[in-house]
Protein chains: 2
Amino acid sequence: MFLTLDLESEEPIYTQLKHQIIAGIAKKEFSPGEALPSVRSLASDLGINLHTVNKAYQQLKQEGFILIHRQKGVVINPDGVAKADDIYWTDLTAKLRPLIAEAVCRDVSDEDFQKLCSQIYTEFQPKE
Amino acid sequence: MFLTLDLESEEPIYTQLKHQIIAGIAKKEFSPGEALPSVRSLASDLGINLHTVNKAYQQLKQEGFILIHRQKGVVINPDGVAKADDIYWTDLTAKLRPLIAEAVCRDVSDEDFQKLCSQIYTEFQPKE
DNA sequence: ATAACTGTTATACTATAAATATAACAGCTA
DNA sequence: TAGCTGTTATATTTATAGTATAACAGTTAT
């Protein structure tokens with residue numbers, strides 16, 4: 001597991017965990033069905049409380065990234081992540097709008113913005 | 001002034017205010033040098049506390065969107081908003097990365113993502 | 001001058017979220 | 001039986017969001 005935390009960040013720990021696990025799935029560092037550490041062991045490894053890990057896991061489960069078997073453990077969703085639906089697009093649009101509004105204010109062109117997005121996309125390209 | 005608030009939203013009120021004012025600047029609904037309502041009158045109009053408005057104004061000032069003259073009032077920055085610099089790009093990248101990571105997980109292609117961004121960009125196109 | 005308006009500062013309070021600290025429960029497994 | 005799962009419950013601390021008053025200093029119009 002290569003999860004690192006920035007305890008100085010304003011981003012809550014459980015959010016950092018969520019983002020890193022989602023990034024790991026995007027980068028194919030985690031395979032469908034692969035087991036994730038238990039809440040206790042991950043909390044122990046990172047030096048944080050088990051409830052913080054549990055909160056991240058619960059939300060990842062709610063959003064379909066992982067499955068949690070009551071007395072087994074936590075695994076990356078074997079069926080993969082649900083495709084983009086209407087709710088997802090609406091949500092993503094709401095998150096992008098303020099970013100693009102500021103970009104417009106700062107004279108960032110549509111093309112420059114897309115260039116940055118494409119560059120970030122390449123970060124999640126599986127290494128050949 | 002066309003500022004509306006969603007008091008049920010998880011997004012803090014002062015953040016909603018910031019986003020709407022930035023969006024207003026992007027849409028050229030606000031012109032450089034144009035006056036904004038005082039903290040008291042805007043707070044009164046919106047039915048919220050003056051400190052909440054003040055917090056939004058202070059951050060907008062900090063980020064260069066508005067100017068505040070001590071005993072005069074609040075105006076849209078007459079010099080326009082500062083162009084994108086290194087700090088801005090780094091910050092924007094950090095905000096986009098989790099969105100793009102999830103998009104990759106949900107099989108959203110670079111092209112589809114860019115299509116959405118372009119569509120949002122058109123929202124901020126000045127009406128001819 | 002006075003009244004009414006600016007932003008600013010200070011203090012206090014409530015409510016909520018984030019994170020931690022323990023503890024216990026139920027079920028699986030070696 | 002011991003040790004591991006996730007889960008639930010309770011309590012505490014800390015930080016943020018938002019409100020409620022009050023006062024100060026400077027401007028502006030009456």
Side-chain angles (χ1 to χ4, degrees), chain A residues 1 3-22 30 33-78 95 98, chain B residues 1 3-22 30 33-78 95 98:
Chain A
M1 293 291 300
L3 297 180
T4 55
L5 295 179
D6 177 6
L7 299 179
E8 307 303 316
S9 169
E10 292 185 13
E11 187 181 10
I13 296 177
Y14 78 95
T15 305
Q16 293 184 44
L17 279 180
K18 284 179 63 182
H19 286 164
Q20 291 203 29
I21 290 172
I22 293 173
F30 299 134
E34 181 175 343
L36 287 180
S38 72
V39 289
R40 284 180 178 82
S41 69
L42 181 52
S44 173
D45 284 354
L46 297 173
I48 61 177
N49 194 274
L50 98 177
H51 291 105
T52 306
V53 176
N54 192 244
K55 187 172 184 176
Y57 276 179
Q58 287 298 327
Q59 294 191 7
L60 286 168
K61 167 190 169 190
Q62 181 68 28
E63 297 165 20
F65 292 96
I66 64 176
L67 295 185
I68 305 180
H69 297 90
R70 171 94 196 192
Q71 267 80 18
K72 285 182 179 178
V74 181
V75 294
I76 303 294
N77 192 331
K95 286 174 179 165
Chain B
M1 292 291 301
L3 297 180
T4 56
L5 294 179
D6 178 7
L7 299 179
E8 309 303 316
S9 168
E10 292 186 14
E11 188 183 10
I13 297 177
Y14 78 95
T15 305
Q16 292 183 43
L17 280 179
K18 284 180 63 182
H19 286 166
Q20 291 202 29
I21 291 172
I22 292 173
F30 299 134
E34 182 174 343
L36 288 180
S38 72
V39 289
R40 284 181 179 82
S41 69
L42 182 53
S44 173
D45 285 355
L46 297 173
I48 60 176
N49 194 273
L50 97 178
H51 290 105
T52 307
V53 176
N54 192 245
K55 187 171 184 176
Y57 276 179
Q58 287 298 329
Q59 293 192 8
L60 286 169
K61 167 191 169 190
Q62 180 68 27
E63 297 166 19
F65 292 97
I66 64 177
L67 294 186
I68 304 181
H69 297 91
R70 169 95 196 193
Q71 266 80 20
K72 286 182 177 177
V74 181
V75 294
I76 303 295
N77 194 332
K95 286 173 179 165

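Proteins come first, then strands; the chains are lettered A, B, ... in the order of their sequence lines, and each starts at number 1. Because only heavy atoms are used, hydrogens play no part in the values below, and waters and symmetry mates are left out as well, while side chains stay in.
- Between A:Lys55 and C:dA19 there is no side-chain polar atom (N or O) within less than 4.0 angstrom of OP1 or OP2.
- Within 4.0 Å (heavy atoms only), B:Gln16 reaches no atom of the nucleic acid at all.
- The interatomic distance linking A:Leu36 (CG) with D:dT5 (C1') rounds to 14 Å, in whole Å.
- Taking the side chain of B:Gln58 as heavy atoms from C-beta on, and the options C:dT8, D:dA20, D:dG6, the nearest nucleotide is C:dT8.
- Using a 4.0 Å cut-off, no side-chain N or O of A:Tyr14 falls inside it from OP1 or OP2 of C:dA19.
- Partner A:Leu17 forms a side chain to side chain contact (heavy atoms under 4.5 Å, CB included) with one of A:Leu60, A:Ile22, A:Leu5 and no other, that one being A:Leu5.
- Computed from coordinates, the A:Glu11 CD to D:dA15 P distance equals 19 Å when rounded to whole Å.
- The side chain of A:Asn54 contributes no N or O atom lying less than 4.0 Å from OP1 or OP2 of D:dG6.
- If you find the closest nucleotide of DNA chain C to A:Lys72 and to A:Thr52, the one lying nearer the 5' end belongs to A:Thr52.
- One interatomic measurement links the two molecules: CD1 of B:Ile68 to C1' of D:dT27, which rounds to 16 Å at whole-angstrom precision.
- Nearest heavy atom pair, residue A:Leu46 against residue A:Leu3, reads CD2-O, 3.6 Å.
- Per the geometry, CG belonging to B:Leu50 stands 13 Å off C1' belonging to C:dC5, to the nearest Å.
- Comparing C:dT22, C:dT8, D:dT19 by their closest approach to the side chain of B:Lys61 singles out C:dT8.
- Closest approach to the B:Val39 side chain among C:dG7, D:dA20, D:dG6 is made by C:dG7 (side chain taken as heavy atoms from C-beta onward).
- Computed from coordinates, the A:Leu42 CG to D:dT5 P distance equals 11 Å when rounded to whole Å.
- With hydrogens and angles ignored, a donor-acceptor pair closer than 3.5 Å exists between the side chain of A:Arg40 and the base of D:dT7.
- Looking at B:Phe30 and B:Ile76, their side chains come closer than 4.5 Å, going by heavy atoms from C-beta outward.
- When distances are taken from the side chain of B:His51 to each of D:dT19, D:dG6, C:dT8, the shortest belongs to D:dT19.
- A:Ala35 and A:Val75 make their closest contact through CA-CG1, 3.9 Å (heavy atoms, listed as atom of the first residue, atom of the second, distance).
- What separates CD1 of A:Ile13 from P of C:dA17 is a distance of 18 Å, to the nearest Å.
- What separates CG of A:Leu7 from C1' of D:dT14 is a distance of 15 Å, to the nearest Å.
- In this structure, the CD atom of A:Gln59 is 12 Å from the P atom of C:dA17, given to the nearest Å.
- Using a 4.5 Å heavy-atom cutoff, the side chains of B:Val39 and B:Tyr57 are in contact.
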